[in-house]
Amino acid sequence: MQLPDSVAGSALAHLFTGDALAREISWFSLPGGQTLCEAGERADQLFFLRTGRLGAIRREEGQEPQFLGVIRPGEPAGEMAMIAGTLHTATVVALRDSEILAMPRAVFLKAAEHDPAVMIELARLMMLRARQTATRTPIGEPSVFGFIGASEDARVRDLVEALAAEITGFGYSVTTMGEEAQHAPTEWFSNVEQAHDFVLYAAEAGQTAWKHIVGRQVDRLFRIGRGDRAPPTQIDLYAFEALESHRFVDLVLIQPADRARPTGADAWIDAVRPARLFHLRQGARDDVQRMARTLAGLSIGLVLSGGGARAYAHIGAIRALRAAKAPIDFVGGVSMGAIIAAAVAMGWDDEEIDWRIRKAFVESSPVDDIAVPLIALTQGEKVRMRLKEHFGDQEIADLWLPFFCLSSNLTSGNYQLHQRGMLRRALRASIAIPGLLPPMTQGDNVLVDGAVMKNFPADIMRSMHLGPIVGVDVTRGKSIVAADVARPDTVWRWIFSGQWRKGPPIVSLLLRTATVSTARDIAANREASDVLILPKMDDVEIRDWDAYDLAVEAGRAATEEALAKLSHAVTDLRRRPSLADVEAVAPVSASPG
């Protein structure tokens, strides 16, 4: 039974393809989209992938599904749980038609006793994967991407060639293929994928037969449309069932070069139902580079926590990242962190962010429209009007950068993820601190501040892309002390001192209650963040909207300090080795010791 040359000589491959255990090994075909093993099932077999590709996915309650990586021909699946005799921790599905060899656990353990090289090789692989997990290094990232036209004039091949040029500049080997490969045999595709770090397939809108082949041959699929055109009345899927069912299909909209803001994305999303949406301006190399980083696992996702006035520190962090030439490719946040994240997604530069935030929150308090506290201490009108003034009627789907924010859905008891709809309404829900601002409603659902249920959503960012995550958490350290909630000596002195503009002391209590994180959440966020920035905020009270400059400086200083400790550029923190890197290291790895 033939295997790829790169793995055919390994001890593990020999175990599965040799004659000695032929009767003990079962062979079966697993159609694309089918499940090999489910998380929670007992691991009583060792699987070995002969042809095709598998994907490992972990789903945890209350969290977005996490794509763990690709399993390629010549690699085992389920080996850790099988050796330990435990349950599978991830679900493994066929990303395309695959051939699987399976060996019962008892047979493997007996065979390993007679051939220690098998166990040594498997132990080496397990240690490597465990080390990659601990250091957050990519494990089998997708490397074969397909791009198919959904608009007649999308010019897919031009985009794919531009992406290949950028990825080559990152130090990887890339090849692109179009309709000329339509009649190539299956073995040819396998050989091409083994010989390059990345393979990009391009199919124009009219190349129907080739689009069907591309949809069955890739790890992830991108549909290409024109943002200045309405979507076709009918868009065929073309994508393999596994890609659709596990949300490995994205949408790229090409926008006119002179367009200040994308428009019309909602119609395309309704037609295509993509997992992610990307806008690319014609002729804009910056946009192509951002897309190339996403494919190569070098994109940077920025996550900003809530924290009342302390969230001003996020502005300093953004300034420091931009000064360090660290690109921001995905952005998300909660509460006040969501507002700063939205400013980045809007494309505002440092100066525009500065004057807009000052005008909206610093020059006068956004929460001094005190109300009879039937639902909240304030009417929330000042916040609503300021969000409208600065964000207008902007739709989330029409932002240049992929963006999300969170609110807490008190009706369902879970967080609400906002990736579509009017931006200012999503932001208003995300900052609706219970008791301070009136809640937002969405149908029958009651939405309040996202920090109530998830104040630092690094795990959600991890589900959106495979590159490094930079997280800025402004809720750590001394957040509230007795003096912050002390009753004023007299109401009149409190009013004449101007302290009333911050809101009564109960505001500090409500803000801190809404943004406090459990030790478990903090540990999970640290694990999900490649660069965790913790500005020193002890001197900034959570409702001190005047402490802008102090908080911004704290964010800048903490970010510069965190970046100075890195041994690599932020984009390279999850960098996968190229084939050339592996070949260069191989002789060293084979040496004694």
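None of these values were measured; they are calculated from a predicted model.
- Legend: residues meeting ring pair (Phe, Tyr, Trp, His ring centres under 6.0 Å) with W348, ordered by chain and number and at least two apart, are F391.
- Side-chain contact check for F248 versus L95: some heavy-atom pair is nearer than 4.5 Å.
- Of all heavy-atom pairs spanning L406 and K454, the tightest one is CD1-CD, 3.6 Å.
- In this structure, the side-chain contact (heavy atoms from CB on, under 4.5 Å) partners of E389, at least two apart in sequence or on a different chain, are K359.
- Between the side chains of S430 and H418, no donor-acceptor pair is found at a separation under 3.5 Å.
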Dump the intermediate steps for side chain to side chain contact (heavy atoms under 4.5 Å, CB included) on T294 and F278, then the final yes or no. CA-CA 10 Å; T294 301; F278 301 92; 4.0 Å; yes
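- Taking the charged nitrogens against the carboxylate oxygens, R420 and D270 do have a contact shorter than 4.0 Å, which makes a salt bridge.
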Before giving the answer on side chain to side chain contact (heavy atoms under 4.5 Å, CB included), spell out for I357 and I339 the whole-Å C-alpha distance, their side-chain angles and the decisive distance to 0.1 Å. CA-CA 9 Å; I357 296 301; I339 291 177; 4.2 Å; yes
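- Remark: side-chain polar atoms of T559 are paired, donor with acceptor, to backbone N or O of G555 under 3.5 angstrom.
- Taking a cutoff of 4.0 Å between a charged side-chain nitrogen and a carboxylate oxygen, K388 and D393 do not qualify as a salt bridge.
- Across A275 and R220, no two heavy atoms sit closer than the pair CB-NH2, 3.8 Å.
- Here S407 contributes atom OG and I431 contributes atom CD1; the two are 11.5 Å apart, rounded to the nearest 0.5 Å.
- Looking only at side-chain heavy atoms (C-beta outward), R462 and D530 come within less than 4.5 Å of each other.
- When atom types are taken as modelled, the side chain of Q34 and the backbone of P31 share no donor-acceptor pair closer than 3.5 angstrom.
- The line from CG of L243 to CZ of R216 is 10.0 Å long, rounded to the nearest 0.5 Å.
- A heavy-atom distance below 4.5 Å is not found between the side chains of T91 and C37.
- One side chain, S335 or D449, offers a donor N or O that lies under 3.5 Å from an acceptor on the other.
- Residues L36 and V93 fail the side-chain proximity criterion, which asks for heavy atoms closer than 4.5 Å.
- For R226, the CZ atom counts as densely surrounded, since its 6.0 Å shell holds more than 12 non-hydrogen atoms of other residues, nucleotides or ligands.
- For residues 422-452, there are no ring pair (Phe, Tyr, Trp, His ring centres under 6.0 Å) pairs, not counting sequence neighbours.
- For the pair S151 and W268, the tightest heavy-atom approach, listed with the atom from each and the gap, is OG-CH2, 3.3 Å.
- Note on R322 versus D350: salt bridge recorded, some NZ/NE/NH1/NH2 to OD/OE distance being below 4.0 Å.
- Under the 4.5 Å side-chain criterion, counting only non-hydrogen atoms from C-beta, V344 is in contact with L401.
- Checked by atom type and distance alone, the side chain of R58 never pairs as donor or acceptor with a backbone atom of L68 at under 3.5 Å.
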When you look at D354 and R319, which way does the side chain to side chain contact (heavy atoms under 4.5 Å, CB included) test go after all the steps? CA-CA 10 Å; D354 181 74; R319 290 179 184 175; 3.0 Å; yes
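- Note: W545 and Y312 have perpendicular aromatic rings, judged against thresholds of 30 and 60 degrees for the angle between ring planes.
- At a cut-off of 3.5 Å, with distance as the only test, a side-chain donor of Q255 or H279 sits close to an acceptor on the other residue.
- Under the 4.0 Å criterion applied to side-chain N and carboxylate O atoms, R358 and D549 are assigned as salt-bridge partners.
- With hydrogens and angles ignored, the 3.5 Å screen pairs a side-chain donor or acceptor of R424 with a backbone N or O of G392.
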Given the rule in the salt bridge (Lys or Arg N to Asp or Glu O under 4.0 Å) test, do R310 and D544 qualify, once you have shown the distances and angles that lead to the verdict? CA-CA 8 Å; R310 290 181 167 188; D544 189 358; over 6 Å; no
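- A donor-acceptor contact shorter than 3.5 Å is absent between the side chain of H314 and the backbone of M336.
- Side chain to side chain, D473 and T475 meet the donor-acceptor criterion of an N or O pair below 3.5 Å.
- You'll find the side chain of V272 stays beyond 4.5 Å of the side chain of P231, heavy atoms only.
- Here the closest heavy-atom approach between residue A309 and residue E541 is recorded as CB-O, 4.0 Å.
- Pairing each heavy atom of M453 with each of S408, the nearest pair is N-OG, 3.2 Å.
- Applying the salt bridge (Lys or Arg N to Asp or Glu O under 4.0 Å) test between R281 and each of D287, D258, D286, D228 identifies D287 as the sole match.
- Of all non-hydrogen atoms in S529 and A458, the two that sit nearest each other are OG-CB, 3.8 Å.
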Trace of the side chain to side chain contact (heavy atoms under 4.5 Å, CB included) decision for M346 with R356: CA-CA 12 Å; M346 290 284 288; R356 286 187 181 274; over 6 Å; no
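- The closest side-chain heavy-atom distance from P434 to V452 is below 4.5 Å.
- Under the rule for a ring pair (Phe, Tyr, Trp, His ring centres under 6.0 Å), the partners of H465 that lie at least two apart in sequence or sit in another chain are F330.
- Here the straight-line distance linking atom CG of L399 with atom CG of L277 works out to 9.5 Å at 0.5 Å rounding.
- Counting heavy atoms from C-beta outward, V570 and V470 have side chains that approach closer than 4.5 Å.
- Once rounded to the nearest 0.5 Å, the distance linking CD1 of I460 with CD of Q419 reads 8.5 Å.
- Checking each of R223, R273, R276 against D250 for a salt bridge (Lys or Arg N to Asp or Glu O under 4.0 Å) leaves exactly one that passes, namely R276.
- Scanning for ring pair (Phe, Tyr, Trp, His ring centres under 6.0 Å) contacts around F404 gives an empty result, with sequence neighbours left out.
- Side chains of R261 and Q394: a donor-acceptor N/O pair is present below 3.5 angstrom, by distance only.
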Ignoring hydrogens and angles, write down the donor-acceptor pairs under 3.5 Å from the side chains of residues 436-447, residues two or more places apart or on other chains.
| unit_1 | atom_1 | unit_2 | atom_2 | d |
| --- | --- | --- | --- | --- |
| Q442 | OE1 | Q416 | NE2 | 3.2 |
| N445 | OD1 | N409 | ND2 | 3.4 |
| N445 | ND2 | Q442 | O | 3.4 |

